[in-house]
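For reference, the structure is listed below as C-alpha cells.
Proteins get letters first, then strands, A, B, ... in listed order; numbering begins at 1 in each.
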Number of protein chains: 2
Amino acid sequence: MQRATEMLRNKGISPSYHRVKILAYLLEKKTHPTVEEIYRNLSKEIPTLSKTTVYNTLKIFIDKDIAKSLVAGKNEIRYDATTREHAHFTCSKCHRIYDVELAGILEEDILSEGHKVEDCQIILKGICKNCLSKGN
Amino acid sequence: MQRATEMLRNKGISPSYHRVKILAYLLEKKTHPTVEEIYRNLSKEIPTLSKTTVYNTLKIFIDKDIAKSLVAGKNEIRYDATTREHAHFTCSKCHRIYDVELAGILEEDILSEGHKVEDCQIILKGICKNCLSKGN
DNA sequence: TTCTCTGCAAACGCTTTGCACGGAT
DNA sequence: ATCCGTGCAAAGCGTTTGCAGAGAA
C-alpha cells in the first residue's frame, strides 16, 4: 500500500484509493490477473468498484510503464506489475502462470538484425512441475 | 500449392481447395496475417470464401500443428505457418512483424525450474530498421 | 445415404466509448 | 467554476456457435 502510493507519485499519477488498491493487488498477488480477477477480488473491499475503472487504471499503468500486459493463454489479456526481466511459463493443464527467471538472456543475445529492441517477452508453454508430479 | 497439399495429406487433413489456399497463403506470404487479412486477400480469388471457414481452417491447422497463433500487437491474433524456431519482432511505429533468427537460444537455456517446456515464444518490441532509417 | 466441408446469421464476451455525476481544488 | 476520477450503459468488434445446404464418398 505504502509502496504503491509512492510508485504512483513517482510516475506523476495521483494516488487515488482505487489506483493504489489496484497497483497493490498487482504487486502483492503475482498471479498475472485478468481484469476480471482484479475486479472480482477488489470488489469485496470496494463494492462500488466498476470494471471500467479497472480498465482505465490499467491503461494508465501501462502508459506510465508501471505495468505490462501479456497474452499467455488463448487471447486472454493478463497484467503484471513491471519488475525485473523474467519469462512466463503457462501450464496447459492447470493454466497457472509461473514467473521463470532468465538465465542471463537479454535482448542483446538475440540477433536483432538492425532493429532497436525496447522490450522482450518470453512465453513458455508446457506442463508445470505440479501437474507433472500428479502424473498427468 | 503443391507443397501445401502434401503437408495437409501428411497430417491427415483432406486437402480441400480452401484449406490448400489458406495454407499456401501462410507459407508464401510471411506477414503473420490476421484472419481478416487472410480473408480479405483470398476473397479476391475465392469470392464465396467466408470468415468462418478461415477460422475453422486455422483451428484445424493449429490442432494438427501446421500453424501457430501469436499475439504480437495489442490483442490481435496472428497466424504463422509452423517452421523452424524463430522470434518475432514487432515494430511499434509501422506495426510490421519481422521474423528474427535466434542465436542458438533454445528452451534448455532457460531455467525451466522443473516444468516441462513444450513451446517457447519470444516476442520483441521496438523500432524496426526501416523506421529508424526514416529518422522516426 | 452418410459424412464432410462450407457459410450465413446469431450469439458471445471482452474491451472501449460516451456521457454524466460527484468530489476535490 | 473547473478539473479529475469514477461508473453505468451502450456500442464495438473479433471470435465462436448453431444450423442448414452443398458436395464428396
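- A/Thr53 is not listed as a side-chain neighbour of A/Tyr39, based on a closest heavy-atom distance of 4.5 Å or more.
- Between A/Leu26 and A/Tyr79, the closest heavy-atom pair is CD2-O, 3.8 Å.
- Considering every non-hydrogen atom in both B/Cys128 and B/Cys94, the closest pair reads SG-SG, 3.8 Å.
- For A/Ile77 and C/dG13, the CD1 to P distance is 17 Å, given to the nearest whole Å.
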Could you list the protein-to-nucleotides 1-8 of chain C atom pairs, N/O on both sides, closer than 3.5 Å?
from  : atom 1 : to      : atom 2 : distance (Å)
C/dC5 : OP1    : B/Ser14 : OG     : 2.7
C/dC5 : OP1    : B/Arg19 : NH1    : 2.7
C/dC5 : OP1    : B/Arg19 : NH2    : 3.4
C/dC5 : OP2    : B/Arg19 : NH2    : 3.4
C/dC5 : O5'    : B/Arg19 : NH2    : 3.2
C/dT6 : OP1    : B/Ser16 : OG     : 2.7
C/dT6 : OP1    : B/His18 : ND1    : 3.0
C/dG7 : OP1    : B/Thr48 : O      : 2.6
C/dG7 : OP1    : B/Thr48 : OG1    : 3.1
C/dG7 : OP2    : B/Ser50 : N      : 3.3
C/dG7 : OP2    : B/Thr53 : OG1    : 2.6
C/dC8 : N4     : B/Thr52 : OG1    : 3.2

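- In this structure, the side chain of B/Thr34 does not engage the main chain of B/Ile77 through any donor-acceptor pair within 3.5 Å.
- Atom pair A/Ile62:CD1 and C/dT15:P shows a separation of 11 Å (rounding to whole Å applied).
- A straight line from NZ of A/Lys21 to P of D/dG7 spans 14 Å, rounded to a whole angstrom.
- A close approach under 4.0 Å does not occur between any side-chain nitrogen or oxygen of B/Tyr55 and OP1 or OP2 of D/dT16.
- The two atoms that bring B/Ala81 and B/Leu27 nearest to each other are CB-CD2, 3.7 Å, heavy atoms only.
- Inspection of the B/Asn56 and B/His18 side chains reveals no N or O donor paired with an N or O acceptor under 3.5 Å.
- What you find for A/Met7 and A/Ile66 is that their closest heavy atoms are O-CD1, 4.1 Å.
- Rounded to whole Å, the distance from CD on A/Glu76 to C1' on D/dT15 is 14 Å.
- Minimum heavy-atom separation, A/Leu132 to B/His115: CD1-C, 4.5 Å.
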task: Do nucleotides 19-25 of chain C as a string where each nucleotide becomes B, S or -: B if the base has a protein heavy atom under 4.0 Å, S if just the sugar-phosphate does, - if no protein is that close.
output: -------
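- Here the rule is side chain to side chain contact (heavy atoms under 4.5 Å, CB included) with A/Leu8, and of A/Ser14, A/Ser16, A/Pro15 only A/Pro15 fits it.
- One interatomic measurement links the two molecules: NZ of B/Lys59 to P of D/dG14, which rounds to 18 Å at whole-angstrom precision.
- Between B/Asp99 and B/His88, the closest side-chain pair of non-hydrogen atoms falls below 4.5 Å.
- If you run salt bridge (charged side-chain N to carboxylate O under 4.0 Å, His left out) between A/Lys68 and each of A/Asp80, A/Asp119, A/Asp63, only A/Asp119 comes through.
- Per the geometry, CG belonging to A/Asp63 stands 13 Å off P belonging to D/dG5, to the nearest Å.
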Heteroatom pairs (N/O) under 3.5 angstrom, protein to nucleotides 20-24 of chain D:
none

